[in-house]
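Below is one structure; the comments refer to it alone.
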2 protein chains.
Amino acid sequence: MAEPEDSASRADRAAGDIRSLLISGGLVPGQRLSETALGETLGVSRNTLREAFRELTSERLLTRRPHAGVFVAVPGLSSIIDIYRVRRIVEGQALGTASPGHPAGARMHTAVESAADSAAAGDWVAVGTANMEFHSAIVALADSVRLDRLYANISAELRLAFGLLDDPEYLHRPYVERNTHVLGLYDGGDSAGAAAALDAYLVHSERTVLAAYSRRIPR
Amino acid sequence: MAEPEDSASRADRAAGDIRSLLISGGLVPGQRLSETALGETLGVSRNTLREAFRELTSERLLTRRPHAGVFVAVPGLSSIIDIYRVRRIVEGQALGTASPGHPAGARMHTAVESAADSAAAGDWVAVGTANMEFHSAIVALADSVRLDRLYANISAELRLAFGLLDDPEYLHRPYVERNTHVLGLYDGGDSAGAAAALDAYLVHSERTVLAAYSRRIPR
DNA sequence: ACACGCATATCGTTGAACAATAGCTATCAG
DNA sequence: CTGATAGCTATTGTTCAACGATATGCGTGT
């Protein structure tokens, strides 16, 4: 990756830092983010931090409660359902109508291999990351920067939700094989079949996540 | 509509004001937005205005050039292409897989009627607005708040692009009939046919806009 | 146990200040 | 006359301090 750590504005860097804390688990869903405290930690002023908050709030990673502060978003069941609805529409179309030989195919391959390696090593959160990269590559087949961005946001939200669940092996293990299967169909030129397999994948994954989710968080 | 003009934060209201100025033509693409001047106009401080800028920049309505200021975005050909790509994917799936009797159907009807009325009155920009509402209702068929928001952003961008073009009659007239046709197919239960007609619609519209666009703005 | 009212810390917003820099302008060499 | 260079200036990027507004917790009383 590039290193935009000093070229970007301070608010942009703060937003990136917060994003990193979110995926690393340094900030957990529901947690309140004090402007002064977090500003001091990140080394930015309150106003600058507020700009970062704006950005992250519009990405649904943070939630703003007026006069009470900003909180790390707690994805609810409705969010999960909505996210999977978007995924089925976007990923399905992207994979089903992709032109053969698209450069994103390479990304899909490396992601699948990386997932297999991590699975062999037993590192299930790395498997989860690789799986997400696989699906991000699928969306990239559509060649749309706007869909890419939408999907990046959705992935971050989903990571937040996964963070609420334990047992990452149960969450990610079944899908490395399914991803391989989808990739095989796509490579074989059967885009429609690949899309159908992907749809089944997503239905299964949504059901699993929803079940684990409602088990953990009532309502 | 509701009246959230005093409940929302000042930055939110400022962002809304700027959005209104963008669609009303009070701000034109390429124009530079001075922080002090615009802040005085909207009655907010520089810091608050900057928060609004963050939000609108993340929606691609404004562009930030470091140390040079924020500018009203100038949608390029690549943006138009990208937007129509998203529209075909999202609208097509939403319409093609919609469950019958969805409440958004009513929105589609009122939008088509409103477009017809405005067309009879010769108010072509109102026709454009009604047409956009029609397509927004189509996206609402998917029942996804995330897709709704994506589409709202895209619509705003598209309005920006349309603002660069003159001759709104040429841009919007052909589509009131096409929308009626699509709606007829959908009402008749032929979702697949409606989706196909819609896709043809979008291909035609994209071609028209791109042609007018490259005629007006070289490169 | 519950409702009510107060206290306080935090948010929301402003204004001023200063460093950094992009873009203009005037100068000057060729 | 053209082009490059150096300096000026207005604007942005960022911080800090201040103050009103309000959500939340605590204590009181019933």
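The sequence lines fix the lettering, A, B, ..., with proteins before strands; numbering per chain opens at 1. Side chains included, hydrogens not; waters and symmetry mates left out as well; all remaining heavy atoms used.
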TODO: Step through the shown structure and confirm whether more than 12 heavy atoms of other residues, nucleotides or ligands are within 6.0 Å of CD on B:Glu40.
DONE: no

TODO: Quick one: sort the A:Tyr201 and A:Tyr175 rings into parallel, tilted or perpendicular, breaks at 30° and 60°.
DONE: tilted

Task: Whole-Å gap separating C1' (D:dT12) and CG (B:Leu49) - done: 12 Å

Task: Contact state string [nucleotides 16-24 of chain C, B base, S sugar-phosphate only, - no protein heavy atom under 4.0 Å] - done: -B---SSS-

TODO: For A:His67, enumerate each residue passing the ring-ring contact (aromatic ring centres under 6.0 Å, His included) test, keeping only those at least two apart in sequence or located in another chain.
DONE: none

Open item on the list: Just N and O in the side chain of A:Thr48: are any of them under 4.0 Å from OP1 or OP2 of D:dT15?
Closed with: yes

Task: Residues that B:Arg19 engages under side chain to side chain donor-acceptor pair (under 3.5 Å), provided they are two or more places apart - done: B:Glu59

Open item on the list: With the threshold set at under 4.0 Å for non-hydrogen atoms, list the residues of residues 29-42 of chain A touching DNA chain D in residue-number order.
Closed with: none

Open item on the list: Using a 4.0 Å heavy-atom cut-off, does B:Val70 contact any base of the nucleic acid, only the sugar-phosphate backbone, or nothing at all?
Closed with: nothing

Open item on the list: Expected output is a numbered-order residue list: members of residues 50-63 of chain B with a heavy atom under 4.0 Å from any atom of DNA chain D. What is it?
Closed with: B:Arg50

Task: A:Arg88 backbone acceptor or donor facing A:Asp199 side chain under 3.5 Å - done: no

- [ ] Round to the nearest Å and state the distance from A:Phe71 atom CZ to D:dA23 atom P.
- [x] 12 Å

Task: Polar contact flag, side-chain donor to acceptor under 3.5 angstrom, B:Ser118-B:Asp123 - done: no

Open item on the list: Is it the case that the side chains of B:Asp12 and B:Ser9 hold a donor-acceptor pair, with the cut-off being a distance below 3.5 Å and no angle test?
Closed with: yes

Open item on the list: Is it the case that the side chains of B:Ser136 and B:Arg107 hold a donor-acceptor pair, with the cut-off being a distance below 3.5 Å and no angle test?
Closed with: yes

- [ ] Starting at atom CG of B:Asp12, determine the distance to atom C1' of C:dG12, rounded to an integer number of angstrom.
- [x] 11 Å

TODO: Supply the atom-to-atom distance B:Leu27 CG to B:Leu38 CG, rounded to the nearest 0.5 angstrom.
DONE: 7.0 Å

Task: B:Phe162 ring center near B:His172 ring center (under 6.0 Å) - done: yes

Task: With B:Phe53 via ring-ring contact (aromatic ring centres under 6.0 Å, His included) - residues at least two apart - done: none

